[in-house]
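Reviewing the structure listed below.
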There are 2 protein chains.
Amino acid sequence: MRRDVFQAIADPTRRAIIALIALQAMTPNAIAEYFDSTRQAVSKHLRILTECELVKQTHEGREIYYSLEIEKMKEIDRWLEQYRKIWETRFNQLDEVLSTIKRNKK
Amino acid sequence: MRRDVFQAIADPTRRAIIALIALQAMTPNAIAEYFDSTRQAVSKHLRILTECELVKQTHEGREIYYSLEIEKMKEIDRWLEQYRKIWETRFNQLDEVLSTIKRNKK
DNA sequence: TTATATTGCAACTAATCGGTTGCGTATTTG
DNA sequence: CAAATACGCAACCGATTAGTTGCAATATAA
């Protein structure tokens, strides 16, 4: 199944999972406690997150700890970069407009 | 229908549309020429993008120009902000590790 | 006015999604 | 060893998605 980061973060539950494990690794059971849905539903989300490499596993006995692959988040940042350039440019243009108004007031 | 920016950018065709109209406004027909699918399919994507306010319309005779609402893109940036903090912190930690190694070499 | 062009909207369809229940496997505990 | 725990995987289900075709509405051109 073709998956990408943008599809992964489209679901609000998955964004919540990302936020949860961003700072410390957690097991599926521990994560599921934060949601109303079943453990299996959470597990399915984790599978999707793993498939697109937004999350990595660390096996520890019969437990599996999931943690955020922060490097993959930069992919979204890189995509946003081109648009950040646009809004920064527009801001500068606005800046120019404002200083032009100022100059004319004198 | 509940829509948000993250759902909007989940679809690759919609991301392509966003990239197309980022710099200049375009009509649905003009946009559709860039894709293999029909004009109606593109129109549907434009409706979704409009619904979540990622795109705005400018009526001009019988033509409708669509352009990017760059302000809405910042919403994604704000969401990413918390994770940017994490990877910047990790980078600083790595920096500390590196300087510790350097110090020990002396 | 009649014909043409640009577009949105509705109905339909196949595929995918997010969720469920049930089961198999592996590890820990009594 | 047997029971309990932690987890993944498969099958199924209703809702949503992305696409299609067809048609109505509006604006321009002949």
Side-chain angles (χ1 to χ4, degrees), chain A residues 1-21 24-69 72 76 79, chain B residues 1-21 24-69 72 76 79:
Chain A
M1 211 170 287
R2 204 97 212 93
R3 301 257 187 222
D4 64 58
V5 202
F6 297 99
Q7 266 188 300
I9 62 163
D11 185 80
T13 306
R14 276 193 300 265
R15 285 201 302 279
I17 292 176
I18 290 174
L20 265 177
I21 63 169
Q24 88 271 21
M26 286 175 79
T27 64
N29 262 329
I31 297 168
E33 276 175 26
Y34 286 84
F35 301 96
D36 292 329
S37 58
T38 59
R39 175 190 64 80
Q40 282 89 338
V42 171
S43 230
K44 233 178 171 183
H45 284 303
L46 285 170
R47 203 163 81 95
I48 290 166
L49 290 169
T50 307
E51 270 174 24
C52 69
E53 295 167 306
L54 248 174
V55 143
K56 66 168 182 285
Q57 309 177 347
T58 314
H59 291 257
E60 213 158 293
R62 66 181 160 188
E63 287 178 328
I64 301 175
Y65 283 87
Y66 285 85
S67 56
L68 185 62
E69 197 72 85
K72 199 72 180 183
I76 306 161
W79 174 77
Chain B
M1 210 169 290
R2 205 95 215 94
R3 301 259 188 220
D4 63 57
V5 202
F6 297 99
Q7 263 188 302
I9 63 162
D11 185 80
T13 305
R14 279 196 294 266
R15 286 201 302 280
I17 292 176
I18 289 172
L20 265 177
I21 63 169
Q24 88 271 20
M26 285 175 80
T27 64
N29 261 331
I31 297 167
E33 278 175 24
Y34 285 84
F35 301 96
D36 291 331
S37 58
T38 58
R39 175 190 65 78
Q40 283 90 336
V42 171
S43 230
K44 234 177 170 183
H45 284 303
L46 285 170
R47 202 161 82 93
I48 291 166
L49 290 169
T50 308
E51 268 174 25
C52 70
E53 295 168 304
L54 248 174
V55 142
K56 66 169 184 285
Q57 308 177 347
T58 314
H59 292 257
E60 212 158 293
R62 66 180 160 190
E63 288 177 333
I64 301 175
Y65 283 87
Y66 284 87
S67 56
L68 186 63
E69 197 72 83
K72 198 74 180 180
I76 307 162
W79 175 77

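Sequence lines set the chain letters: A, B, ... in the order given, protein chains first and strands last, and positions in each chain run from 1. Side chains are part of it too, since the values below use all heavy atoms of this structure and drop only hydrogens, waters and symmetry mates. Please read these numbers as outputs of a predicted model, since none were measured by experiment.
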Spatial distance of atom CG (A:D11) from atom CG (A:L49) [nearest 0.5 Å]: 9.0 Å
Closest listed nucleotide, where the reference is the side chain of A:T27 and the choices are D:dG19, C:dG19, D:dC7: D:dC7
Residues forming a salt bridge (charged side-chain N to carboxylate O under 4.0 Å, His left out) with A:E53, sequence neighbours excluded: A:K72
Donor-acceptor pair present, A:R14 side chain and C:dG18 base, under 3.5 Å: no
B:L54 vs B:I9 side-chain heavy atoms within contact, under 4.5 Å: yes
Side chain of B:R39 - closest among C:dT7, C:dG19, D:dT17: C:dT7
Residues in contact with DNA chain C, drawn from residues 57-64 of chain B - heavy-atom cutoff 4.0 Å: B:R62, B:E63, B:I64
Phosphate-side-chain proximity, A:Q7 and C:dT16, N/O vs OP1/OP2 below 4.0 Å: no
Heavy-atom side-chain contact between B:W79 and A:I76 under 4.5 Å: yes
N/O (side chain, A:S37) to phosphate O (OP1/OP2, C:dG19) under 4.0 Å: no
Review item, side-chain donor-acceptor pairs of residues 24-43 of chain A, under 3.5 Å, at least two apart:
residue : atom : partner : partner atom : Å
A:T27   : OG1  : A:A30   : N            : 3.3
A:T38   : OG1  : A:A41   : N            : 3.4

Pairwise distance NE2(A:H45) to OG1(A:T13) - rounded to 0.5 angstrom: 4.5 Å
A:R14 side chain vs A:A8 backbone, donor-acceptor pair below 3.5 Å: yes
Whole angstrom value for the distance that separates C1' of D:dA18 from CG of B:D36: 14 Å
Between C:dT27 (C1') and A:Y65 (OH): distance, integer Å: 14 Å
Residues forming a side-chain contact (heavy atoms from CB on, under 4.5 Å) with A:I64, sequence neighbours excluded: A:Q57, A:H59, A:Y66
Between P of D:dA6 and OH of A:Y66, the distance in whole Å: 15 Å
Separation of C:dG19 C1' from A:I17 CD1 (nearest whole Å): 13 Å
N or O in side chain of B:S43 less than 4.0 angstrom from C:dG8 OP1/OP2: yes
What nitrogen or oxygen pairs link the protein and nucleotides 10-15 of chain C at under 3.5 Å?
none

Euclidean distance, atom CD of residue B:E51 to atom C1' of D:dA18 [Å, nearest integer]: 14 Å
Residues which pass salt bridge (charged side-chain N to carboxylate O under 4.0 Å, His left out) with A:E69, listed by chain and number, not counting sequence neighbours: A:K56
Atom-to-atom span, CE of A:M26 to P of D:dA6 - whole angstrom: 14 Å
For atom CG of A:L49 and atom C1' of D:dG8, their distance in whole Å: 15 Å
Short side-chain N/O contact from A:T38 to OP1 or OP2 of C:dT20, under 4.0 Å: yes
Residue whose closest nucleotide on DNA chain C lies nearer the 5' end, B:A30 versus A:I48: B:A30
Distance test, side-chain N/O of B:N29 to OP1/OP2 of C:dT7, below 4.0 Å: yes
Minimum side-chain heavy-atom gap B:T50-B:R47 below 4.5 Å: no
